[in-house]
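Let me begin by presenting the structure, written as structure tokens, before commenting on it.
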Amino acid sequence: MDKTLVVLAGPTAVGKTVCGIEIASHFKTEIISADSRQIYRETTIGTAVPSPEELALVHHHFIQTISLTETYNASIYEHQVLDRLSQLFEKHDLVLMVGGSGLYIDAVCRGIDDLPSIDPAVRNNLLKRFEEEGLETLTRELLKLDPVSYHRVDLRNHMRVLKALEVSIQTGKPYSSFLSATRKERSFRILRVALNMDREILYNRINLRVDKMMESGLLSEVEQLQHLRSYRAMKSVGYRELFKYLDGELLLEEAVDLIKRNSRKFARKQLTWFRKEDRYQWYSPDNTQQIIHWIEEQ
RNA sequence: GGUGCCAUAGCUCAGUUGGUAGAGCACAGGACUGAAAAUCCUGGUGUCCCUGGUUCAAUUCCUGGUGGCACCA
């Protein structure tokens, strides 16, 4: 029988955790988290990791397994998940992946190309040049080193330009030469389910959840992470706003409002990501039985 | 009660020497192969408070209302 990976995606606060646990329980299987923030050990409240009770119901993987201080990315995630999946498929015919990080989901479902690791000196030098000389000199350099990428990447997005440049400089070969047009083949079947609900209800859930996070002590969680705030993952919604409060840039009330607003934006962006992928089967989170039924039919 | 100021997008406000209007935020849509909860792009959604007048034409000027704010009583 074919092994199947069922992906359960959706915007933040839509109810993926509860729905996922129900589905996984029904199929007596385990859950792979596809959440680029819940993977960090040091953050709990602001990233809305499943509660200890929820985690006891179904075995979860990739929840709070690494430190903020480690480098992590979609490619590492891809390889780790594939390893874990091959183990899980020895025991289960179906494994559930639950999360809202579109890039991480895609890394597992279609793969991303392997790139050489970058010398921190190369990266830091480029960052410094970006700050001192601006984006334009870097895009001009990209035109010389990798004209294909120059015409392909968003030249107004410094991250894209820096990525292409750092690979080209590091290897002496154009970044574009590392990218293949074909997706990687997987040895398992993939079914995709996405959750959504009325926008207004979703926004209310987001606002409510932020209030609950504050009641649960998000502020003290953030205070205790002050010494780690230079790490990239600390730019997450909920943390960066409260750092601004701690810096005296915002009133607490303003910071909380901003967390709500940025969470809503994030939810919209997630929906954009999942919408472009037309293979998603869309459901409301309270239709778990329908979802299970659909999975069984496939 | 009197005087003065204000009334324009969901909010805060700009503006039109008279030709039906635009910023920020909100909101909406999109891009995205190693920071992805990141980063980047696009879109104005409007009885310009109401009434009457002047005018070819009023959101703009004038009259009278209404509401808000300030000061004086």
Side-chain angles (χ1 to χ4, degrees), chain A residues 9-14 16 33-40 43 45-49 68-80 99-120 122-124 126-127 130 135 139 148-149 152-167 170-171 175-184 199-200 202-203 206-207 209-210 213 218 230-243 254 257-277:
Chain A
T12 187
V14 80
K16 294 186 292 295
S33 165
D35 190 304
S36 69
R37 302 296 149 144
Q38 291 180 0
I39 198 161
Y40 294 110
T43 51
I45 299 171
T47 53
V49 296
L68 285 168
T69 59
E70 294 174 56
T71 35
Y72 202 76
N73 57 49
S75 177
I76 299 171
Y77 178 77
E78 174 194 2
H79 290 108
Q80 290 182 344
S101 299
L103 181 65
Y104 280 35
I105 293 171
D106 282 356
V108 171
C109 293
R110 61 180 54 175
I112 56 180
D113 292 304
D114 291 317
L115 295 176
S117 59
I118 304 298
D119 181 353
V122 172
R123 176 170 293 160
N124 291 337
L126 277 172
L127 267 173
F130 168 63
L135 187 53
T139 56
V148 175
S149 288
R152 205 184 272 167
V153 307
D154 179 358
L155 295 176
R156 284 177 293 195
N157 187 335
H158 69 273
M159 287 198 181
R160 300 280 143 68
V161 174
L162 285 170
K163 182 77 226 161
L165 263 183
E166 72 180 17
V167 173
Q170 168 90 38
T171 62
Y175 169 67
S176 52
S177 67
F178 292 93
L179 306 181
S180 67
T182 53
R183 55 169 56 187
K184 295 179 187 170
R199 188 66 61 94
E200 203 182 331
L202 180 66
Y203 283 0
I206 287 172
N207 295 342
R209 187 162 79 167
V210 172
M213 284 176 178
L218 180 58
S230 60
Y231 289 98
R232 292 170 167 185
M234 285 285 81
K235 293 180 95 173
S236 302
V237 175
Y239 296 88
R240 55 177 180 188
E241 295 88 351
L242 287 176
F243 282 136
E254 292 171 332
D257 280 348
L258 198 55
I259 294 173
K260 291 175 182 174
R261 217 184 303 152
N262 287 336
S263 299
R264 294 198 293 265
K265 280 188 191 173
F266 173 48
R268 259 180 264 148
K269 212 179 62 173
Q270 288 174 299
L271 286 166
T272 299
W273 186 288
F274 300 130
R275 268 194 296 253
K276 77 172 174 181
E277 178 73 55

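These numbers were taken from a predicted model, which means no experiment stands behind them. The chains referred to below are lettered A, B, ... by the order of the sequence lines, with proteins before strands, and numbering in each begins at 1.
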[X] side-chain N/O to [N] phosphate OP1/OP2 under 4.0 Å:
{"X": "A/Lys163", "N": "B/rC32", "result": "no"}
{"X": "A/Arg261", "N": "B/rC11", "result": "no"}
{"X": "A/Arg183", "N": "B/rU33", "result": "no"}
{"X": "A/Arg232", "N": "B/rU39", "result": "no"}
{"X": "A/Arg152", "N": "B/rC32", "result": "no"}
{"X": "A/Arg264", "N": "B/rC27", "result": "yes"}

Fill in: Closest-nucleotide ordering on RNA chain B, the 5'-leading residue of A/Arg199 and A/Phe266
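Of the two residues, A/Arg199 wins.
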Worksheet item: Of A/Tyr203 and A/Met213, whose nearest nucleotide on RNA chain B comes first from the 5' end?
Response: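 Taking each residue's closest nucleotide, the earlier one in sequence belongs to A/Tyr203.
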To the nearest 0.5 Å, what is the distance between [atom1] ([X]) and [atom2] ([Y])?
{"X": "A/Ser236", "Y": "A/Ile259", "atom1": "OG", "atom2": "CD1", "result": "11.5 Å"}
{"X": "A/Leu155", "Y": "A/Leu135", "atom1": "CG", "atom2": "CG", "result": "7.5 Å"}
{"X": "A/Lys184", "Y": "A/Asp113", "atom1": "NZ", "atom2": "CG", "result": "6.5 Å"}
{"X": "A/Met234", "Y": "A/Arg37", "atom1": "CE", "atom2": "CZ", "result": "8.0 Å"}
{"X": "A/Arg123", "Y": "A/Leu126", "atom1": "CZ", "atom2": "CG", "result": "9.5 Å"}

Worksheet entry | Side chain A/Arg160 and base B/rA38 donor-acceptor under 3.5 Å |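 Such a pair is found, so the answer is yes.
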Discussion item. Could you check whether the side chain of A/Lys269 and the base of B/rU39 have a donor-acceptor pair of N or O atoms closer than 3.5 Å, going by distance alone?
Written reply: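 Flag set: donor-acceptor pair detected.
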In whole Å, what separates the [atom1] atom of [N] from that of [M]?
{"N": "B/rC69", "M": "B/rU12", "atom1": "P", "answer": "14 Å"}
{"N": "B/rC72", "M": "B/rA26", "atom1": "P", "answer": "40 Å"}
{"N": "B/rU33", "M": "B/rG46", "atom1": "C1'", "answer": "43 Å"}
{"N": "B/rC13", "M": "B/rA73", "atom1": "C1'", "answer": "33 Å"}
{"N": "B/rC6", "M": "B/rG15", "atom1": "C1'", "answer": "16 Å"}
{"N": "B/rA58", "M": "B/rG19", "atom1": "C1'", "answer": "10 Å"}
{"N": "B/rG24", "M": "B/rA31", "atom1": "C1'", "answer": "24 Å"}
{"N": "B/rC25", "M": "B/rU20", "atom1": "P", "answer": "27 Å"}

Worksheet item: If pairs are Watson-Crick or G-U with both distances under 3.5 Å, what is the dot-bracket string of RNA chain B, marking crossing pairs with [ ] and pairs to another strand with |?
Response: (((((((..((((.....[..))))((((((.......))))).)...((.((..]....)).))))))))).
Take atom [atom1] of [X] and atom [atom2] of [N], then tell me their distance rounded to the nearest Å.
{"X": "A/Leu135", "N": "B/rC41", "atom1": "CG", "atom2": "P", "answer": "10 Å"}
{"X": "A/Asn73", "N": "B/rA36", "atom1": "CG", "atom2": "P", "answer": "8 Å"}
{"X": "A/Asn207", "N": "B/rC27", "atom1": "CG", "atom2": "P", "answer": "9 Å"}
{"X": "A/Leu126", "N": "B/rG34", "atom1": "CG", "atom2": "P", "answer": "15 Å"}
{"X": "A/Ile76", "N": "B/rU33", "atom1": "CD1", "atom2": "P", "answer": "18 Å"}
{"X": "A/Asp119", "N": "B/rG34", "atom1": "CG", "atom2": "C1'", "answer": "16 Å"}
{"X": "A/Glu78", "N": "B/rU33", "atom1": "CD", "atom2": "P", "answer": "13 Å"}
{"X": "A/Leu103", "N": "B/rC40", "atom1": "CG", "atom2": "C1'", "answer": "15 Å"}

Base, sugar-phosphate, or nothing: which does [X] touch, judged by heavy atoms less than 4.0 Å apart?
{"X": "A/Thr47", "value": "base"}
{"X": "A/Ser75", "value": "base"}
{"X": "A/Tyr104", "value": "sugar-phosphate"}
{"X": "A/Tyr231", "value": "nothing"}
{"X": "A/Thr12", "value": "nothing"}
{"X": "A/Asp106", "value": "nothing"}
{"X": "A/Gly238", "value": "nothing"}
{"X": "A/Lys276", "value": "base"}
{"X": "A/Asp257", "value": "nothing"}

Worksheet item: Can you find a side-chain donor-acceptor pair between A/Arg268 and A/Tyr203 that sits under 3.5 Å?
Response: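 Yes, because at least one side-chain N or O of A/Arg268 sits under 3.5 Å from a partner of the opposite role on A/Tyr203.
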Worksheet item: In terms of base orientation, is B/rG34 syn or anti, with the syn window spanning 90° either side of 0?
Response: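 Syn, angle within 90° of zero.
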Measure from the side chain of [X], starting at C-beta and using heavy atoms only, and say which of [options] lies closest.
{"X": "A/Thr272", "options": "B/rG29, B/rA36, B/rA31", "value": "B/rA31"}
{"X": "A/Met159", "options": "B/rC40, B/rA35, B/rG29", "value": "B/rA35"}
{"X": "A/Asn157", "options": "B/rU39, B/rA35, B/rG29", "value": "B/rU39"}
{"X": "A/Arg156", "options": "B/rC41, B/rC32, B/rA38", "value": "B/rC41"}
{"X": "A/Arg37", "options": "B/rA36, B/rG34, B/rG30", "value": "B/rA36"}

Worksheet item: Does A/Lys276 make a cation-pi contact with A/Trp273 (under 6.0 Å, within 45 degrees of the axis)?
Response: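 Here A/Lys276 passes the 6.0 Å and 45° test against A/Trp273.
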Worksheet entry | N/O donor-acceptor pair under 3.5 Å between A/Glu166 side chain and A/Val122 backbone |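 A pair under 3.5 Å: no.
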Item to complete: Measure the acute angle between the ring planes of A/Tyr104 and A/Tyr77, then classify it against the limits of 30° and 60° as parallel, tilted or perpendicular.
Response: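 Correct class here is tilted.
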Item to complete: State which residue, out of A/Arg264, A/Arg261, A/Lys260, fulfils the side-chain hydrogen bond (donor to acceptor under 3.5 Å, both in side chains) condition with A/Asn207.
Response: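 Testing A/Asn207 for a side-chain hydrogen bond (donor to acceptor under 3.5 Å, both in side chains) against A/Arg264, A/Arg261, A/Lys260 leaves exactly one candidate, A/Arg264.
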Worksheet item: Hey, which of A/Leu258, A/Asn262, A/Thr12, A/Val210 is the one that makes side-chain contact (heavy atoms from CB on, under 4.5 Å) with A/Val237?
Response: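 Single side-chain contact (heavy atoms from CB on, under 4.5 Å) partner of A/Val237 among A/Leu258, A/Asn262, A/Thr12, A/Val210: A/Asn262.
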